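Only a predicted model underlies this, so the values are computations on that prediction, with no experimental measurement involved. Excluded from the calculations below are hydrogen atoms, water molecules and symmetry mates; all remaining heavy atoms, backbone and side chain alike, are included.
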Amino acid sequence: KAGVTQTPRYLIKTRGQQVTLSCSPISGHRSVSWYQQTPGQGLQFLFEYFSETQRNKGNFPGRFSGRQFSNSRSEMNVSTLELGDSALYLCASNILGEGYEQYFGPGTRLTVT
Amino acid sequence: GDSVTQMEGPVTLSEEAFLTINCTYTATGYPSLFWYVQYPGEGLQLLLKATKADDKGSNKGFEATYRKETTSFHLEKGSVQVSDSAVYFCALLGQGAQKLVFGQGTRLTINP
């Protein structure tokens, strides 16, 4: 099976702009999670989607949003970018239930200047 | 809320040395516990997991035992290699939860 795909891999944006990141999970997986990774804060949970519904949301401002499509692909959007949004954004494709596992993509490196 | 505490890095060892990375957790009920590894420029890879007390997860020579009495899940390897250099994350999935809680990560460097 193909792994988790994230596009783009690298992105440079200016403060105030908005950005959309994409994630394609492993075929057959219906749950996708997003994390922000920074040197200072580590890995922080953004949100989780299952069958197009957001089930969990982390403690991030409303500028961070996401959605999931019927084919399980997911996007996250950050509006009005701030310098502090510079981070590695990781998407995970989830196997649920008792054998819960998360398979991570390579991430999108976002730099805000 | 649930939390994970890892030993602070960085950790530097010589090849073939014994490795221990400490991980303790706080959670209600019976969480599942995980170790992930992140190589430079890559996402996280699941290294091993344990879903109940006294379970031992193992993979690629790494082991960790779920100790409920000490709320710990320490990662060990008997003989490390240069290729083990990476950042290691301990994580937990709370009972009934749908998101992982990660520790801060421990950077490991193995010198030849």
Side-chain angles (χ1 to χ4, degrees), chain A residues 2-7 9-10 21 23-26 29-51 53-60 66 68 87-110, chain B residues 1-10 21 23-25 27 29-53 55 57-59 64 66 73 86-108:
Chain A
V4 181
T5 304
Q6 290 189 247
T7 56
R9 291 293 308 278
Y10 302 92
L21 312 181
C23 170
S24 292
I26 294 170
H29 290 191
R30 293 162 63 193
S31 170
V32 171
S33 300
W34 288 89
Y35 293 83
Q36 181 196 65
Q37 185 179 23
T38 59
Q41 299 298 316
L43 279 154
Q44 293 187 285
F45 173 77
L46 280 158
F47 22 67
E48 185 249 352
Y49 286 87
F50 176 77
S51 292
T53 300
Q54 186 183 90
R55 297 197 301 181
N56 277 285
K57 189 176 187 332
N59 190 25
F60 278 82
Q68 187 181 32
L88 181 67
Y89 289 89
L90 292 165
C91 169
S93 177
N94 307 323
I95 295 177
L96 305 178
E98 202 157 317
Y100 185 97
E101 290 183 4
Q102 287 193 321
Y103 295 88
F104 284 81
T108 295
R109 172 74 62 186
L110 171 65
Chain B
D2 296 346
S3 66
V4 176
T5 302
Q6 285 181 240
M7 67 186 285
E8 293 211 11
I21 300 178
C23 171
T24 57
Y25 67 89
Y30 298 89
S32 295
L33 301 172
F34 304 81
W35 276 101
Y36 280 84
V37 58
Q38 186 176 33
Y39 298 102
E42 299 184 12
L44 277 68
Q45 297 177 24
L46 177 62
L47 183 59
L48 54 84
K49 71 174 185 180
T51 57
K52 59 183 186 295
D55 265 3
S58 60
N59 186 24
Y66 186 163
F73 193 55
V87 181
Y88 291 81
F89 293 91
C90 185
L92 74 81
L93 178 71
Q95 193 172 4
Q98 289 149 351
K99 65 173 185 176
L100 290 177
V101 174
F102 286 89
Q104 283 294 100
T106 301
R107 182 175 298 280
L108 173 67

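To the nearest 0.5 Å, the span separating CG on B:Leu100 from CD on A:Glu48 amounts to 10.5 Å. Rounding to the nearest 0.5 Å gives a distance of 10.0 Å between CD of A:Gln44 and NZ of B:Lys99.
Side-chain contact check for A:Gln102 versus B:Phe34: every heavy-atom pair is 4.5 Å or farther apart. The shortest distance between side-chain heavy atoms of A:Tyr35 and B:Leu44 does not fall below 4.5 Å. The side-chain heavy atoms of B:Phe102 and A:Gln37, taken from C-beta on, include no pair separated by under 4.5 Å.
For B:Arg107, the CZ atom sits in a loose shell: 12 or fewer heavy atoms of surrounding residues, nucleotides or ligands are nearer than 6.0 Å. Enclosure of atom NZ in B:Lys52 is not indicated, since only 12 or fewer non-hydrogen atoms of other residues, nucleotides or ligands lie within 6.0 angstrom. For B:Tyr39, the OH atom counts as densely surrounded, since its 6.0 Å shell holds more than 12 non-hydrogen atoms of other residues, nucleotides or ligands. Surrounding CD of A:Gln54 are more than 12 heavy atoms belonging to other residues, nucleotides or ligands, all under 6.0 Å away.
With a 4.5 angstrom heavy-atom cutoff, A:Arg109 does not touch chain B via any of its atoms. Contact of B:Gln38 with chain A is made through the side chain alone, with heavy-atom distances under 4.5 Å. Looking at B:Gln104, the atoms closer than 4.5 Å to chain A (heavy atoms on both sides) all sit in the side chain, from C-beta outward.
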